[in-house]
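Just so it is clear, the model here is predicted, and its values are computed rather than measured. Order of the sequence lines sets the chain letters (A, B, ...), proteins ahead of strands, with each chain counted from 1.
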Amino acid sequence: MKFGLAAFDASWDRHYQDLSTNVLGRQTREFKEQLTIFQERLVEFAKDHNKELKENPEFRAKFIRMCASIGIDPISLFDRQRHLFDVNDFYYEICVKVIEICRKTKDLNGGVISFDELHKGYFIMLKVQIEDLEKSIEMLQSLDGGFEVFFIKGKKFLRSVPNELTDDQTKILEICSVLGYASISLLRVNLNWKPFRSDAILKEMVANGLLWTDNQAQGEVLYWDPAWIIRSSSLM
Amino acid sequence: EDKNKTPLLIIDREKFLNKSQFIDEIAREIYGFIMSEFKEQKEKDGVILITLVDIYALYNKSMRIGTGLISPQELREACEKFEKLGLNELRLIRINGRVLCISSGNSFEFVKTKIIEIVSFSPGADLLRLTQSLNENNSNSWTMGIIMEVLQNCVNEGDLLIDEQISGIHYYMNSDWKI
Amino acid sequence: MTEPQTITAQLPPIYSFPPLYTCQPNALIRQQQLDTWCELILEFAKTNKAWCMSQEGTIVTNSEQASSIPSIFVNEQIQRSAAAPFIEEIWSKMLQSEKAIRSSKSTYIILWKSLDSWSSLILQWCESSGKLNQVITLYELTEGDETLDWEFHGMDIELCEKCLLKLCDRGRATMLKDQGKVMGVKIV
Amino acid sequence: MTEPQTITAQLPPIYSFPPLYTCQPNALIRQQQLDTWCELILEFAKTNKAWCMSQEGTIVTNSEQASSIPSIFVNEQIQRSAAAPFIEEIWSKMLQSEKAIRSSKSTYIILWKSLDSWSSLILQWCESSGKLNQVITLYELTEGDETLDWEFHGMDIELCEKCLLKLCDRGRATMLKDQGKVMGVKIV
């Protein structure tokens, strides 16, 4: 299961790997550079010949399949001005990717992922703006798929699991949005919760896969929000 | 697993005079796709149940690459056309009053009974264990989306009790606190 | 040798996520955590062309001079490190998912490419450099100038043997042994 | 003191049923779960003649030497324990269904017999041992040799007072106070 290592989807990635083994053979460094240049040329070709490709579905189908098989994410074929097909295809591709990402990361984040994390972790490298992501997720609502959007302190989140966050859980995620984690002493300082209450809710969130535990900090166990995985990288 | 399912006939939005003709064609393609994709499950269990969201991703990725993906709204409209088009093995249902799914046969009850059965044989089973047992011969036709919703229903209706540990949620039969 | 990039720079953001170094109590999360560690080790080995790694997570080179890169299981930047029992669990997951194999020197040979892919690559080299039906020594294959451009150059001898055995299974090679020690191979 | 039987041995099988320790989400089920906990506490207190219990679920004895029996809310055998917020819910159910009353020392007096039944029992003792119309001290009543083989022997003083007040309400007793402190009672 790929997580954050490559924005490419697992099946395309497998195509890419098989291809690079038998067809491309020698995967030396300069060969990899040639491959990336080839990819960029292909993307340019798609944008330049947008009209012909649009008119001829058979040729377009083959062209896109080939791009997909050597690891070009279809989203990167889209360009705001000279869009390749129906302008909305760009958004439908994002919809498909959002569904896959939510299903794939469910065990890492308990089925709760922020728009910011989705954008930074999976879309920003495909030159997708946050507004495009929001528009696609808006479109997804018509599928009534249990993908519910909600807010924590003005920040947009997407939940793809049935049970809603309780108020206490939401408050803890608010605290986590500052440093990435919550702890019994932090909750006493910020919410003046008694230790036994914080302990019970923090453990409940771990049980539901919403927080990871970290027992190597001095003093007390820290409970980290997995949304911090992506955010912390942008700070470095 | 990557059966080469390139569509025989390219159903391309531009080729259709009006939208509803396009939707009808798409409905037939989706119907055929689901019936073949879940053929094993239909034969083995006699039922199919999958969320519209999962169908959207699966169908677009398998059948629509290169020919232009369909929108969520188009998928929904196409599925709503099944009955009118005589495609009556599959129909649109809503589970837990929330989630739209494509279903064949008495699918929800089937999965619910199976989950309760698994828990009765292995008390304390968690989601991982349930998913493995449900998809025994790695047919993985019971997607995570469905299993979680049905499990939620079992807890809400009082069929199953939860044992919440830091290791995760474990499920037990409810034999003492009937409602 | 340029100043070696820190491991953190080579690996994705989750490598700097402190809880990654604590064996997670939640079973579902722990599965993901172990899978993630496997992917990190594969990427780490691939980036540093490390054929072999020690139990402690350092790169094992056949040359005397030990590798200067610290253990992947120790992250100085965030003062976190995986405890030995957890490292044990990670290695058994690597073995169980065939992403690594135990070498005779109780180190781990890392398979960032599957055995089959490596053997096909070796086969491809033979075909393209006219070496079919000739006896080639393992040394020639892994250290010879002719394989310099190929990704399997410098491959660990034990791994090379296993790949060639794969080719034998496919009937595309025969091993030449002298008192049980593999001397060379003939690829057809 | 014989080796104290484990709590598990004293209580019905449901005490070893893991979900008992997790506050169930379904409201109707939770009510029955709380009822089960109340029954378990009553049985636990009765078996161990525990008049008073702490919030944490241990037995509070008025003697210095704390009870060696662990908390009822912690089940070592199956490594399960009720979380503090859930324990609070259990105690409020005990209070609300009058199975326990809060003592002045913020512990809980457990009513495995209702106040009325205790007061009738005390009345019965008075009648049978010819103590009617005499002044009896609370100490005599709860610790005196004459009440040794009666179930209310060793009763918590606060509980005793409440039972005697019940008798007063029924006009069967009058309390004798000295500067507000109850000195004794005359049962008629």
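- Heavy-atom contacts from other residues, nucleotides or ligands closer than 6.0 Å to CG of C:D169 number more than 12.
- Between the CG atom in A:L108 and the CD atom in C:Q31 there is a gap of 11.5 Å [rounded to 0.5 Å].
- When all heavy atoms are compared, the tightest approach of A:W224 to C:P18 is CZ2-CG, 3.4 Å.
- In this structure, CZ in C:F17 is found 7.0 Å from CG in A:D225, a value given to the nearest 0.5 Å.
- Within a 6.0 Å radius of CZ in A:F150, more than 12 heavy atoms belonging to other residues, nucleotides or ligands are found.
- Listed here is the closest heavy atom pair of C:I29 and A:D107: CG1-O, 3.4 Å.
- Listed here is the closest heavy atom pair of C:I14 and A:I229: CA-CG2, 3.6 Å.
- Crowding of A:K156 atom NZ: a count of heavy atoms from other residues, nucleotides or ligands under 6.0 Å exceeding 12.
- Within residues 76-98 of chain C, the residues having any heavy atom closer than 4.5 Å to a heavy atom of chain A are C:Q79, C:R80, C:S81, listed by residue number.
- No part of C:F152 comes within reach of chain A, as not one of its non-hydrogen atoms sits under 4.5 angstrom from that chain.
- Scanning residues 185-212 of chain A against chain C with a 4.5 Å heavy-atom cutoff picks out A:V206, A:A207, A:N208, A:G209, A:L211, A:W212, ordered by number.
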